[in-house]
Asks: 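Here it is, the structure in full.
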Amino acid sequence: MKICILLLMLFNASLVNAQTNCTLYKDKAHQLACQYYTEAIQYGQGSKKSQQLFIQSLEACATFAPTLHEMSVPYLKRGDFYTWKVLMDEAVKADAIGYLGDRGWCYFKHMDDYENCYADLYRLYKLTGGHPGYTGDGDYDLRILMAISQREMGNYKLAMRFFNECIADHRKNNTLGLFDYLHRGATLLRMKKYTAALVDFKLEMVKNQKLADVHYYMGLTYLAMHNKGEAYNSFKQARELYIKTGYRHTDPYCEEPDQVYLADINNALGKLKHPGAQ
């Protein structure tokens, strides 16, 4: 399990914070819980005062999901995954559609728990008619996380089903994600479908020409196809972008899926003697 410190504001929570209107609740218990919640979020996250107000909120209504969720976040930031899960489980019980995505995303991002991630996201997928939404940071359609989770569990066929469905939907609506083709291409590479992988990496380059990661994976694909010259050129370009003019798929707190490191690129280059080596 990867132990990471989370520094973010989850998407659903930010929406609630911005739009809280306690009069929308019909019963007094929820209205009172909402009032305490609204007061609590004015204080620093994880502060004693905010947590005290959250406790009062739950005393008014033990199933007030926004409070359960918001109380859980400081524990996640501190690496107390047990307490986070206790609170998030209750939030999901109270509002499955609202919080399954957050819980599944956290399983994926901070615990490498692909089985529970997929279980949550697939349940949300069914509840939302196949459109579960996005991760809290907006980087991924949750269907992409479903696909990567299945890939990491060794279920390539099911992984490709969700990759293909999601990408086709994004193409239709002109909403392609930043890394959709990168992750599907990396999966095709694992499956030894090299020609298809190259197609995806070239499509990713249309969107992310300066992304070092995609050049590295192209290099791996060319190498698997015994084209050492193109492999060398791709690895060289990946290194140039990584250290100088480009950017890379990274997160300051956790390892990203299919993330590439400079050591990976240098190691690949070190195994090739010169650009024309065949």
Side-chain angles (χ1 to χ4, degrees), residues 2 108-109 112 114 135 139-141 143-168 170-171 176-278:
K2 183 186 337 176
F108 181 96
K109 188 176 180 70
D112 291 344
Y114 303 114
T135 56
D139 280 354
Y140 290 105
D141 186 309
R143 289 172 291 181
I144 296 294
L145 294 197
M146 292 169 68
I148 297 173
S149 293
Q150 284 298 322
R151 181 190 75 186
E152 295 305 307
M153 292 190 287
N155 302 321
Y156 292 114
K157 183 176 181 180
L158 191 52
M160 290 305 298
R161 171 195 157 188
F162 287 113
F163 275 128
N164 293 341
E165 176 189 313
C166 186
I167 291 173
H170 286 179
R171 286 173 63 91
L176 279 166
L178 286 174
F179 309 109
D180 290 0
Y181 288 123
L182 174 69
H183 296 309
R184 189 173 69 175
T187 304
L188 288 165
L189 175 57
R190 290 195 193 186
M191 297 169 69
K192 300 183 179 181
K193 295 185 176 182
Y194 304 127
T195 301
L198 277 180
V199 170
D200 268 2
F201 294 140
K202 289 176 181 179
L203 287 169
E204 181 70 30
M205 287 180 63
V206 173
K207 206 168 181 64
N208 290 315
Q209 178 66 34
K210 292 187 176 181
L211 180 64
D213 308 63
V214 69
H215 290 273
Y216 171 77
Y217 279 107
M218 286 186 73
L220 289 183
T221 307
Y222 281 125
L223 196 59
M225 298 172 76
H226 308 292
N227 188 337
K228 293 183 179 180
E230 288 295 338
Y232 182 92
N233 291 336
S234 294
F235 292 140
K236 186 177 179 182
Q237 181 68 7
R239 190 176 191 280
E240 180 78 11
L241 291 170
Y242 196 100
I243 64 177
K244 293 183 180 179
T245 61
Y247 57 97
R248 54 191 184 273
H249 185 32
T250 186
D251 182 279
Y253 308 105
C254 296
E255 184 176 77
E256 291 290 277
D258 299 320
Q259 182 171 338
V260 174
Y261 295 91
L262 185 58
D264 299 322
I265 300 170
N266 287 336
N267 183 57
L269 277 169
K271 293 180 179 179
L272 297 174
K273 294 181 180 180
H274 56 80
Q278 296 292 331

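Just so you know, these numbers come straight off a predicted model, no measurement behind them.
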Asks: Cation-pi between R248 and Y242: NZ/CZ under 6.0 Å from ring centre and within 45° of the ring axis?
Replies: yes

Asks: Could you walk me through whether K109 and D251 pass the salt bridge (charged side-chain N to carboxylate O under 4.0 Å, His left out) check?
Replies: CA-CA 10 Å; K109 188 176 180 70; D251 182 279; 3.1 Å; yes

Asks: Can you establish whether the number of heavy atoms outside R171 located under 6.0 Å from its atom CZ is more than 12?
Replies: no

Asks: Kindly indicate whether the side chain of M218, heavy atoms from C-beta on, has any atom under 4.5 Å from the side chain of M205.
Replies: yes

Asks: How many angstroms lie between CG in L269 and CG in D264, if you round to the nearest 0.5 Å?
Replies: 11.5 Å

Asks: Answer yes or no: is there a side-chain heavy-atom contact under 4.5 Å between H215 and Q209?
Replies: yes

Asks: Nearest 0.5 angstrom please: L178 CG to L211 CG, how far?
Replies: 9.0 Å

Asks: Tell me, do I144 and F163 make a side-chain contact under 4.5 Å, heavy atoms counted?
Replies: yes

Asks: Do I243 and L262 have side-chain heavy atoms sitting under 4.5 Å apart?
Replies: yes

Asks: Please determine, by modelled atom types, if Y181 and N208 share a side-chain donor-acceptor pair under 3.5 angstrom.
Replies: no

Asks: Contact between D213 and Y216 at the side-chain level, heavy atoms closer than 4.5 Å - yes or no?
Replies: no

Asks: Assign the ring pair Y140 / F179 to parallel, tilted or perpendicular, where the plane angle (0 to 90°) is split at 30° and 60°.
Replies: tilted

